[in-house]
Each structure stands twice: as C-alpha cells, then as structure tokens.
Undergrad: 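Once you've had a glance at the structure underneath, I'll fire off some questions.
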Amino acid sequence: MRRGTAAPGWPSAFPPPAWDGLSWALSDVSQLPVVRDELRRSRVVDGAADLRDRLVLVLDEMASNALRHGGGSVEAAVRWTGDAFLVAVSDGDACTPPTPAVDRDPSEGGLGLYLIVELSTAHGWYVDGDAKTVWAVLPPH
C-alpha cells in the first residue's frame with residue numbers, strides 16, 4: 001500500500017474499522033438523488049432526522065467530488081463503527097489528495113471539504129493500489 005501526502009486539513013490516515021451499512025457503485029452525479037433517498041429511508045441509520053441530514057450532506061459532498069474530479073468508477077458507503085458512522089468514498093484518482101479550496105470566492109464553490117471537517121469527529125484519506133478513499137466519521141448526536 002502506498003500513501004500520499006496529506007493536504008491541509010485532510011490527513012493521510014486510515015479510518016476506524018466499520019461494518020454493516022449501505023454501499024453504492026456510482027458512475028454519474030445523476031445517481032445521487034436516489035442515493036440520498038435510500039440513505040434517508042434506510043433502517044441502518046437509526047437516529048434523528050438531523051443525523052440523517054448530516055450523513056446525506058457528507059456523503060453527497062464526497063460522492064459528487066469523486067464523480068466530478070476522481071476519474072473512473074466511484075464506490076460510496078455509510079457504515080457503523082460501533083459508536084459513530086463512517087462515510088467513505090473511493091475513486092480512481094490515486095494521485096490527487098482531497099484539497100480544500102484556498103483563497104477562492106465562496107460563490108465559486110469548493111467549500112464542501114471544510115463543511116465535512118466541521119461535521120465530523122475524524123476525517124482523512126488513503127490510497128490503496130489505484131484507488132483513493134476519502135472518509136469521515138460522524139457521531140450519532
């Protein structure tokens with residue numbers, strides 16, 4: 001396994017172990033409304049509407065970034081760690097770390113990674129072969 005250099009705010013690190021959850025194979029952003037709906041209705045996420053909204057927001061930001069910038073197929077998942085939820089998205093661009101926008105007008109976008117950092121208790125990314133995985137851990141409360 002090779003690991004890349006960390007971007008500011010996004011350490012190169014492995015996520016905590018997680019199991020039981022939902023996963024999707026994605027190829028286009030047009031699939032994201034279905035993914036959001038499935039996550040909102042899932043019994044895997046047993047919690048308040050606020051938790052579901054946070055998970056949907058983080059998953060949508062990560063998946064849309066991967067689909068727009070990651071190259072190749074995208075795998076997205078929401079899994080349980082035992083005390084929190086792990087959102088992980090893999091794409092085919094192992095050479096480019098997640099890079100938060102710097103000195104950009106907020107109207108031009110690029111603030112999703114900052115939002116994910118604010119909503120999560122841990123976050124990072126790692127490379128495995130030809131795939132990059134970006135992840136974040138969200139507490140249930």
Undergrad: Could you pull out the closest heavy-atom pair between Val127 and Ala94, with the gap in Å?
TA: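 So the two residues come closest at CG2-O, 3.4 Å.
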Undergrad: Could you grab the distance from atom CG of Asp53 to atom CZ of Arg40, nearest 0.5 Å is fine?
TA: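 Output value for this atom pair is 6.0 Å.
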Undergrad: Verify side-chain contact (heavy atoms from CB on, under 4.5 Å) between Phe85 and Val137, making sure each step is shown before the conclusion.
TA: CA-CA 6 Å; Phe85 288 93; Val137 175; over 6 Å; no
Undergrad: Closest approach of Pro140 and Asp83, non-hydrogen atoms and distance?
TA: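 Of all heavy-atom pairs spanning Pro140 and Asp83, the closest is CD-O, 3.2 Å.
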Undergrad: Could you report the tightest heavy-atom contact between Pro97 and Trp125, atom names first, then the distance?
TA: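 Result for this residue pair: CB-CZ2, 3.3 Å.
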Undergrad: Closer than 4.0 angstrom, basic N to acidic O: yes or no for Arg36 and Asp60?
TA: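 So Arg36 pairs with Asp60 through a salt bridge.
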Undergrad: Which distance, rounded to the nearest 0.5 Å, do you find between the CH2 of Trp135 and the CZ of Arg79?
TA: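 If we round to the nearest 0.5 Å, Trp135:CH2 and Arg79:CZ are 15.0 Å apart.
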Undergrad: Distance from Leu55 atom CG to Ser42 atom OG, nearest 0.5 Å?
TA: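 Result: 10.0 Å between the selected atoms.
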Undergrad: List the steps, then state whether side-chain contact (heavy atoms from CB on, under 4.5 Å) holds for Asp20 with Val44.
TA: CA-CA 8 Å; Asp20 294 337; Val44 170; 5.8 Å; no
Undergrad: Ser64: which residues meet the side chain to side chain donor-acceptor pair (under 3.5 Å) condition with it, sequence neighbours left out?
TA: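 For Ser64, the residues satisfying side chain to side chain donor-acceptor pair (under 3.5 Å) (neighbours in sequence not counted) are Arg68.
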Undergrad: Closer than 3.5 angstrom, by distance alone: can the side chain of Gln31 be matched with the main-chain N or O of Asp28 as a donor-acceptor pair?
TA: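 Checked: pair present.
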Undergrad: side-chain contact (heavy atoms from CB on, under 4.5 Å) for Leu59 and Val89? Distances and angles first, verdict last.
TA: CA-CA 8 Å; Leu59 177 65; Val89 176; 4.1 Å; yes
Undergrad: Which value, rounded to the nearest 0.5 Å, describes the distance between Ile116 atom CD1 and Arg54 atom CZ?
TA: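 Rounded to the nearest 0.5 Å, the CD1-CZ separation comes to 13.5 Å.
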Undergrad: For His69 and Thr96, what are the C-alpha separation, side-chain angles and deciding distance, and is it a side-chain contact (heavy atoms from CB on, under 4.5 Å)?
TA: CA-CA 9 Å; His69 309 293; Thr96 307; over 6 Å; no
Undergrad: Are the side chains of Leu22 and Glu38 in contact, using a 4.5 Å heavy-atom criterion?
TA: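 Not touching, per the 4.5 Å side-chain cut-off.
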Undergrad: With the 4.5 Å side-chain cut-off for hydrophobic clustering, are Val78 and Val34 part of the same group?
TA: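 No; tracing contacts between hydrophobic side chains, which count when under 4.5 Å, never links both residues.
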Undergrad: Check whether Lys132 reaches the backbone of Asp91 with its side chain - one donor and one acceptor, N or O, closer than 3.5 Å.
TA: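 The answer is no, because no donor-acceptor pair under 3.5 Å joins these two groups.
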Undergrad: Describe, in one word, how the ring planes of Trp10 and His123 are oriented to each other, choosing from parallel (under 30°), tilted (30 to 60°) and perpendicular (over 60°).
TA: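 It falls in the perpendicular class, over 60°.
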Undergrad: Testing the basics here: between Ala25 and Glu75, what is the closest heavy-atom pair and its distance to 0.1 Å?
TA: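 For Ala25 and Glu75, the tightest heavy-atom pair comes out as CB-OE2, 3.6 Å.
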Undergrad: In Å and rounded to the nearest 0.5 Å, what is the CG to CG distance from Leu32 to Asp37?
TA: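 Those atoms lie 12.5 Å apart.
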Undergrad: What are the two closest non-hydrogen atoms of Tyr126 and Pro15, and how far apart are they?
TA: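 Shortest heavy-atom separation between Tyr126 and Pro15 comes out as CE2-CD, 3.5 Å.
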Undergrad: Looking at CG of Leu57 and CG of Leu138, how far apart are the two atoms once the value is rounded to the nearest 0.5 Å?
TA: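 It is 9.0 Å, given to the nearest 0.5 Å.
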Undergrad: Is there a donor-acceptor pair closer than 3.5 Å between any side-chain N or O of Glu118 and the backbone N or O of Tyr114?
TA: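 No, Glu118 side chain to Tyr114 backbone: no donor-acceptor pair under 3.5 Å.
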